[in-house]
2 protein chains.
Amino acid sequence: MSDVMRAHSAAFGDMDDSKIDILNAAAEAFMRKGFAAASIDDVADILGCTKGRIYHHYRSKADLFFDVHLCGMAMDIGAVREAMSEGHDPLEQLYHMAVGHLTVIISNIAYQRVAVQGLEMHLTGATTPKQMKTLKQILLLRDEYEGLFASKIEEAMAAGQVPQQNTRLTVKAFLGSLNWTTIWYRERRNQSKEDRRKLVYEVATFALRGLGARVR
Amino acid sequence: MSDVMRAHSAAFGDMDDSKIDILNAAAEAFMRKGFAAASIDDVADILGCTKGRIYHHYRSKADLFFDVHLCGMAMDIGAVREAMSEGHDPLEQLYHMAVGHLTVIISNIAYQRVAVQGLEMHLTGATTPKQMKTLKQILLLRDEYEGLFASKIEEAMAAGQVPQQNTRLTVKAFLGSLNWTTIWYRERRNQSKEDRRKLVYEVATFALRGLGARVR
DNA sequence: CAAATACATACTACCTAGTAGGTTCTTTGC
DNA sequence: GCAAAGAACCTACTAGGTAGTATGTATTTG
């Protein structure tokens, strides 16, 4: 279990280390090949074990995927909830929320890419009846997450910090500029802490400005 | 062949109608299930034919996917190149480019979602040596496309219409807010022309503002 | 020491990409 | 106007890969 993971251990609930290792390997495999193309054996290979271990902890590939997705979202919500109280006005708080989200993304790129994959899957409706419960849970978390940003944007509108606009559409564009990072971001060898800070700052600033806020 | 498709027929080059029908069905199937999960039989079912027809026109599933991807990108580039000359200054032109891109997205959601899928795939490097040539072609188109926006953003910076900033990062956030539409947008029954216009306007405005431009 | 936990091994059943060869329709050369 | 050639499919098949299961084994725990 890496330090990065430990830092977000709240997202893993009460799992033991063995299960967390499985989740990390699954996130890696799903990121590399996608849900459909990644096999359970791929996950096992990353761990240097066999299927047996995975099926001992998870009933199906979909269940494993859902768990990765859930943990990814839990990381986001944790970071954003924490950031919501930083700053003295809605706009400052939105900035910290965006920074929190981006930081989670570049620190846990595998989980975050899987979460985006899951987003795309729900819409296609490709699941068995039994997994519906977990699906609802995920959609609920997603709505909650989007709601955090939406309500804060409306606070900023009410405070006159940003112009009046359609919140439903704006929050999509706002999160889009942040989430698109999961698509293009790659971990690089020569990437300094300063580079990452710059990335987070630049993208978060873009998102804030997108709302019509006067930034710096 | 639908009217919408005919409107972007330039993207299809000199294909005959039968091949275009296959492409449309493939775009639909790949959108619904993703590249890995969608089978050639799925595509054939949509057309009401058998595999034979598809393999008569395409050597492999990957080739078919690449062609959908290429057409999707060709639609984008066509619309954006056209929009580049509308408007009297860089900022106005950027607005028209964003509107063009968004219009293509919501008019050809299947092709555009496939293009995004393809984007995610290259990064994982999941192809045979022979397909490398097509892959290079796609990456070239993608760079060209991003370059259109990047250079226009730099023009706006030089003209003092937007503040100085890191173009490489900003263009990602800019295109992210637009491209994210492919993830959440759904065609709805009760969706009026006005609704779509509103969507395009709102998201394009967000992107322009994200650059730091004073919009309206 | 019994029972449960945490795996590994060895299968099966199914699905799907790709192929081989046949059939029908259309074009072309004369 | 017609035969030959090729284009545009369809049918029937194979080979390979993968999700999931059944069963065995070692290690821990009560």
Side-chain angles (χ1 to χ4, degrees), chain A residues 1 12 14-69 114 117-118 121 124 126-131 134, chain B residues 1 12 14-69 114 117-118 121 124 126-131 134:
Chain A
M1 183 176 173
F12 294 104
D14 59 347
M15 291 183 197
D16 56 45
D17 281 11
S18 179
K19 197 167 179 181
I20 294 179
D21 285 341
I22 292 176
L23 270 188
N24 288 338
E28 183 67 25
F30 289 141
M31 171 175 77
R32 287 189 203 157
K33 299 193 173 183
F35 172 73
S39 70
I40 297 287
D41 285 318
D42 286 337
V43 179
D45 284 348
I46 292 177
L47 289 169
C49 69
T50 68
K51 278 169 139 165
R53 178 171 169 196
I54 293 164
Y55 277 104
H56 178 70
H57 291 274
Y58 289 98
R59 302 180 62 91
S60 72
K61 183 177 162 183
D63 285 336
L64 177 56
F65 182 84
F66 283 147
D67 226 8
V68 175
H69 189 160
V114 171
Q117 268 185 62
M121 282 175 60
T124 75
T127 39
T128 76
K130 201 179 61 184
Q131 290 151 353
T134 317
Chain B
M1 183 174 173
F12 293 104
D14 58 348
M15 291 183 197
D16 56 47
D17 281 12
S18 178
K19 197 166 177 181
I20 293 178
D21 284 341
I22 291 176
L23 269 189
N24 287 339
E28 183 69 24
F30 289 140
M31 171 176 75
R32 286 189 203 156
K33 300 193 173 183
F35 172 73
S39 70
I40 297 286
D41 286 316
D42 286 336
V43 179
D45 284 348
I46 292 177
L47 289 169
C49 69
T50 68
K51 278 169 144 171
R53 178 171 168 195
I54 293 163
Y55 278 103
H56 178 71
H57 291 272
Y58 288 97
R59 302 180 62 93
S60 73
K61 183 177 161 184
D63 285 337
L64 177 57
F65 182 84
F66 282 147
D67 226 8
V68 176
H69 189 158
V114 171
Q117 268 186 63
M121 280 175 59
T124 74
T127 39
T128 76
K130 201 178 61 186
Q131 290 150 355
T134 317

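Letters go in sequence order (proteins before strands), and every chain restarts at 1.
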| task | Give the rounded distance in Å between these two atoms: NE2 of His57(A) and C1' of dA6(C). | result | 7 Å

| message | Please report the interatomic distance CG(Leu47(A)) to CD1(Ile54(A)), rounded to the nearest 0.5 Å. | response | 6.0 Å

| request: For Lys61(A) and Ala38(A), indicate whether the former's side chain and the latter's backbone hold a donor-acceptor pair under 3.5 Å. | output: yes

| Distance, nearest 0.5 Å, that separates OH of Tyr58(B) from CD1 of Ile22(B) | 7.0 Å

| said: In whole Å, I'd like the distance from the NE2 atom of His56(A) to the P atom of dA19(D). | reply: 20 Å

| request: To the nearest Å, give me how far apart CZ (Arg53(A)) and P (dC7(C)) are. | output: 5 Å

| field | Per Ser60(B) side chain, nearest of listed nucleotides dG18(C), dA8(C), dC10(D) | value | dG18(C)

| message | Under 4.0 Å, heavy atoms only, any strand: does Ala38(B) hit a base, just the sugar-phosphate, or nothing? | response | sugar-phosphate

| task | Compare the minimum distances between each of dC10(D), dA19(D), dA8(D) and the side chain of Thr50(B), then state the nucleotide with the smallest one. | result | dC10(D)

| request: Evaluate side chain to side chain contact (heavy atoms under 4.5 Å, CB included) for Leu23(B) paired with Leu64(B), printing each intermediate quantity in order. | output: CA-CA 7 Å; Leu23(B) 269 189; Leu64(B) 177 57; 4.1 Å; yes

| request: Consider the side chain of Ser39(A), meaning its heavy atoms from C-beta on, and name the nucleotide among dC7(C), dA17(C), dA19(D) that approaches it most closely. | output: dA19(D)

| query | With respect to the side chain of Lys61(A), which nucleotide from dG20(D), dC7(C), dG18(C) is positioned closest? | reply | dG20(D)

| Between P of dC15(C) and CG of Asp45(B), the distance in whole Å | 14 Å

| query | Rounded to whole angstrom units, what separation is found between the OH atom of Tyr55(B) and the P atom of dA17(C)? | reply | 6 Å

| query | Contact class for Ala37(A) (heavy atom, under 4.0 Å): base, sugar-phosphate, or nothing? | reply | nothing

| said: How many whole angstroms separate atom CD1 of Ile54(A) from atom C1' of dA19(D)? | reply: 12 Å

| query | Please give, in whole Å, the distance from dC7(C) P to Lys51(A) NZ? | reply | 17 Å

| message | Whole angstroms only, please: what is the NZ-P distance between Lys19(B) and dA7(D)? | response | 13 Å

| request: Assign the ring pair Phe30(B) / Phe65(B) to parallel, tilted or perpendicular, where the plane angle (0 to 90°) is split at 30° and 60°. | output: perpendicular

| query | Start at the 5' end of DNA chain D and walk down; is the nucleotide closest to Asp16(B) or to Asp41(A) reached first? | reply | Asp16(B)

